[in-house]
Amino acid sequence: MATPTALTPQDEDFPRWYQDVVAKAELAENGPVRGTMVIRPYGYALWEHVQAEMDRRIKATGARNAYFPLFIPQSYFAREAEHVEGFSPELAVVTFAGGEELAEPVIIRPTSETVIGEYMAKWIQSYRDLPLLLNQWANVVRWELRPRLFLRSSEFLWQEGHTAHATAADASAFATTIHRDVYRDFLVNVLAVPVFEGFKSPRERFAGAINTITCEGMMRDGKALQMSTSHELGQNFARAFGVAFQDESGQSTWCHTTSWGASTRVIGGLIMAHGDDRGLVVPPRLAPTAVVVLAVREDDALDEACADVTEELSAAGIAVERDRARGSFGRRVTDWEIKGVPVRAEIGPRDLAAGTVTLVRRDDGSRQSVERSRVVETVRELLEAVQANLLALALERRSQATHDVGTVAQAIEAAQEGFARVPWGLLGEAGEDELNRHAVSVRCIQRPDGSLPGSVDESDLVAVVAKAY
RNA sequence: CGGGAAGUAGCGCAGCUUGGUUAGCGCGCCUGGUUUGGGACCAGGAGGUCGCGGGUUCAAAUCCCGCCUUCCCGACCA
């Protein structure tokens, strides 16, 4: 195999490797305004698959999609103290529109708790209106000082869910359901990224929440990426926006609300969790193109065979694309590798003579020759195998780079190369300060066995700490 | 927002120190031909407000000032 030269090797310079992949795989590039992102068709196709998988799971929980405005009155933000404090440094504010200074500045949404709270208050009268389960797919703006494509941009795409419930227990249970059945399930079973799950520490929590549940993935450089958050908002926003209901006895009570989101950042996670020195590696269940069929050289008979195989795979419901590019075989192969297509089906003169197709896996580079009649069946098996292998490899890397430690100093040491798990009781405010001074943070707090705590006050909880994106 | 580096063709760079022919090179792109089982070769060709604005000068890619953008390192975040 030839040595790949298209990309900066990961070991040499991981951030540069990341930029190279984003550029060479034609995922995205910078927009004209600092921090903005142009998502190219292949990058957007990945996002559309993320959306489809998550949307299906969100709807299965009973939530329905709606749309709320991009512009939010500034006064709404002022109503929840912590919320306004947390977000004010990142807000973009419109003060001038329609040719004149606005009487009240308008905020471009960084998140929609406030507007949605206002409308929930209108729509909810009685316990019969609960739970109210909403979701929206939208863009949001959080002005970023240090942007990076997909990971941190001043405008990004996401899904934000907002729900209202009669009791704290209902709200908590729903937030947990979203975390488990939407985010964790999607990340592990579709994106093939194992996640550490747990609660955010008070200082890492969403501004205005009483609890935040997170999924933290480990990237190939050992750093953590927060890939989803699910917040229990208690009655904070309900009080601020008047979201109340009458119970069966006629008593008026504040609702308990939740909010939860996952963004285009998961594309960044996909790149950094699976990518290698040859480029992106896309898990089959997410791949816009799961199989690419290519002829080894320009030749009518080969083209015809490729067309047949493509048709057969397509008829079997497999996301297949036929390579129509001209140029050398090696070049075309490399281009598809950079894009991370899980399986390549190659047909050359020898295959044609033997009635076979050469199938090559993107994850381990292994190749096999199969009879034409068994192509569909074998491709199916390979896609399953690649999907499983990506998760297994990611799990393996993660367990290699995760260490249980007993002191803050050891935690900082371990976090230079990966994750550390340290008793939460041992850290305290001072320990968390010490970590932060070394650019290490508490990613989540979980039970010793890795499961979600019932509450933050449980004894023996463990903090997962790491450097983070 | 602080500290560092850098903006010259789509991408990567040279030229700048010491101002002075028509601003170069590699890759990519276009045309034609030969090729094609892991980033092909030959020939011809297109493509530039030298990031933007101002200043110095007979003359600025080159010197000076301001701004914008990008990358790396720190504080905030999905």
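So that the names make sense, note that chain A is the first sequence line, chain B the second, and so on, each numbered from 1.
Nucleotide B/U56 is matched to nothing when pairs are restricted to Watson-Crick or G-U wobble geometry with both distances under 3.5 angstrom. Look at B/A9: it lacks any Watson-Crick or wobble partner with both distances under 3.5 angstrom. Pairing partner, B/A43: B/U31, with both Watson-Crick or wobble hydrogen-bond distances short of 3.5 Å. Nucleotide B/U62 has no partner under the Watson-Crick or G-U criteria, as no pair reaches both atom distances under 3.5 Å. If you check B/C1 for Watson-Crick or wobble pairing at under 3.5 angstrom, you find it paired to B/G74. If you check B/U22 for Watson-Crick or wobble pairing at under 3.5 angstrom, you find it has no partner at all. Applying the Watson-Crick and G-U wobble criteria (two distances, each under 3.5 Å), B/U36 pairs with nothing in any strand.
As rounded to the nearest Å, B/G24 and B/G47 have P atoms that lie 13 Å from one another. Across the C1' atoms, B/G7 and B/G15 are found 15 Å apart, a figure rounded to whole Å. Taking atom C1' in both B/G53 and B/C13, one finds a spacing of 26 Å when rounded to whole Å. To the nearest whole angstrom, the two P atoms, one in B/G4 and one in B/U22, are 39 Å apart.
One can place CZ of A/R443 at 10 Å from C1' of B/C77, the figure rounded to the nearest angstrom. Atom CD of A/Q416 and atom P of B/C73 are 13 Å apart (whole Å). Whole-Å rounding puts the A/Y18 OH to B/C71 P distance at 11 Å. Residue A/N30 contributes atom CG, which lies 6 Å from atom P of B/C71 at whole-angstrom precision. Atom pair A/R203:CZ and B/A75:P shows a separation of 12 Å (rounding to whole Å applied). With rounding to whole Å, A/Q19 atom CD is found 13 Å from B/A6 atom C1'.
Judged by the 6.0 Å distance and 45° axis criteria, A/R79 is positioned over the aromatic ring of A/Y76. Cation-pi check for A/K339 over A/Y42 is met; the charged atom lies under 6.0 angstrom from the ring centroid and within 45 degrees of its normal. Within the cation-pi definition used here (under 6.0 Å to the ring centroid, within 45° of the axis), A/R398 qualifies as a partner of A/F196.
Residue A/R278 places its side chain closer to B/G38 than to any other of B/C77, B/G38, B/U70. Side-chain atoms of A/R152 lie closest to B/C77 of the nucleotides B/C77, B/A75, B/U70. If you check B/G38, B/C72, B/C1 against the side chain of A/L145, the one that comes closest is B/C1. Side-chain proximity of A/V333 to B/G38, B/G37, B/C71: nearest is B/G38. The A/A439 side chain lies nearest to B/A75 when the options are B/A75, B/C71, B/G38. Minimum atom distance to the side chain of A/R331 is reached by B/A40, of the listed B/G37, B/C77, B/A40. Out of B/A75, B/C76, B/G38, the shortest distance to the side chain of A/E144 is found at B/C76. Across B/G38, B/C77, B/U69, the shortest atom-to-atom separation from the side chain of A/R34 is found for B/U69.
A heavy-atom distance below 4.5 Å is not found between the side chains of A/R297 and A/F329. Side-chain contact between A/V370 and A/L359: present, with at least one pair of heavy atoms (C-beta onward) separated by less than 4.5 Å.
Here A/G261 lies out of heavy-atom contact (under 4.0 Å) with every strand.
One N or O donor and one acceptor, one from the side chain of A/R367 and one from the base of B/G38, sit under 3.5 Å apart. One cannot find a donor-acceptor pair under 3.5 Å joining the base of B/G74 and the side-chain atoms of A/R437.
Partner of A/L132 under the side-chain contact (heavy atoms from CB on, under 4.5 Å) criterion, out of A/M120, A/H162, A/R64: A/M120 alone.
Remark: aromatic rings of A/F150 and A/Y469 are distant, center separation not under 6.0 Å.
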Detail all sub-3.5 Å separations between protein N/O atoms and N/O atoms belonging to nucleotides 29-36 of chain B.
from: B/U36; atom 1: O2'; to: A/V296; atom 2: O; distance (Å): 2.9
from: B/U36; atom 1: O2; to: A/G327; atom 2: O; distance (Å): 3.3

**OP:** I would like to know whether A/T289 and A/E321 meet side-chain hydrogen bond (donor to acceptor under 3.5 Å, both in side chains); could you show each step before the answer?
**Re:** CA-CA 6 Å; A/T289 302; A/E321 183 171 342; 2.9 Å; yes
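Side-chain polar atoms of A/R361 and A/Q368 form no donor-acceptor pair below 3.5 angstrom.
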